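In listed order, ligands and their atoms are each counted from 1. Quick caveat, the model's predicted, so the values are computed rather than measured.
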Amino acid sequence: MIDAGHGGKDSGTRGKHAMEKDIVLDISLKLGKYIKDNIPDVAVIYTRTTDVFLPLHERAEIANKNHADLFISIHANADPKGQAHGTETFAMGLHKTQGNLDVAKKENSVILLEEDYRTTYEGFDPHSVESYIMFELVQNIHLEQSLSFASFVQDQFRERAQRRDRGVKQAGFLVLWRTTMPSVLIETGFLSHNNEEQYLISDQGQDYIASAIYRAFKEYKLAVESKSQYDVEFAEKDTSTGNYHTENTFTYQKPTNQSPPSAVKALANDSVIFRVQVVSASSPIPRDNPLYNEYNLIEIKTKNYYKYAIGEKYSYHEIKEYSKSLRNKFPDAFIIAMKGNEIIPLQEALKKVN
Ligand SMILES: [Zn+2]
């Protein structure tokens, strides 16, 4: 899903010569063409292909209705002092700096052009800092994928398009708020910066930006597909060979009640346990969240994320069945293996269990 920001009566930010709505539409159409021409099995959908006004919530709705796998919102930036330049890519979350909040405020303020924005966005006031606290509470299950695509984009901007890399960031963007898939908002450069405006106006500059995002998309697609292919591979081996991953050879004996307690503990500590990871977030889920009661959620703190898993199976086959039952509620859930409190590579776990 490619979302060219702004449009129609909403011109977005303005440089000396250009309007954001025109530049980001050109880049979006170029990006879509790159993908269609080179990866024909990908369906490209646009929120807009012409100069029309579109409320922010409708953009997310179009993506959700079409079951998009990735939402790419394309924008251009402005800095009142005219000094700042470079590109940055955002995933939805709570801002860590004032600068990140300012970008979100600017992009969100376009809802003031929508009729009845107070009802649509549940009283959200784009200019009030308090309003942004809700983004802390949004549990963004797609955060990891969104940040991974965002870093592919910034790598390409920096290395291939020679743009200044302002980094991967998080802030509360309403356009990403209701999307149910990995989603990013890309600030392709500053129209307030003379050279950068010239670059973004030029056909060649737009082409560099679009092809950088296209290459990042290709990398992301490969990464996502190799992960799920791996999953499929094991499932197939399960049923076709019948000896490598069968229930018998593949299962740890679950400790029974008859075992002495100390033995149970020893075995449990050393055992590989399979779980289903359902959420990852950059801040912890509060303990009073109903998910805890409903699912017996387990928190796993890693270097950059709080990961949340449910289920506890000693057999890969069983966790696979269990994960299918969760697909409606957690469409992006995936299987992880744990030893003690640590997540271990799935491949390693499957070898151990075998
Ligand atoms: Zn914008």
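Considering only heavy atoms from C-beta on, I336 stays 4.5 Å or farther from V276 through its side chain.
Judged by distance alone, the side chain of E197 and the main-chain N or O of A18 form a donor-acceptor pair under 3.5 Å.
A donor atom on one side chain and an acceptor atom on the other are not found under 3.5 Å apart for Y121 and N108. Side-chain contact of Q98 with D102: a donor-acceptor pair under 3.5 Å is present, judged by distance alone.
The count of protein N, O or S atoms under 2.8 Å from the Zn ion (ligand 1) stands at 5, with waters excluded from the count.
Salt bridge status for K307 with E299: absent, with no side-chain N to carboxylate O gap under 4.0 Å.
The environment of OH in Y220 is crowded: more than 12 heavy-atom neighbours from other residues, nucleotides or ligands sit within 6.0 Å.
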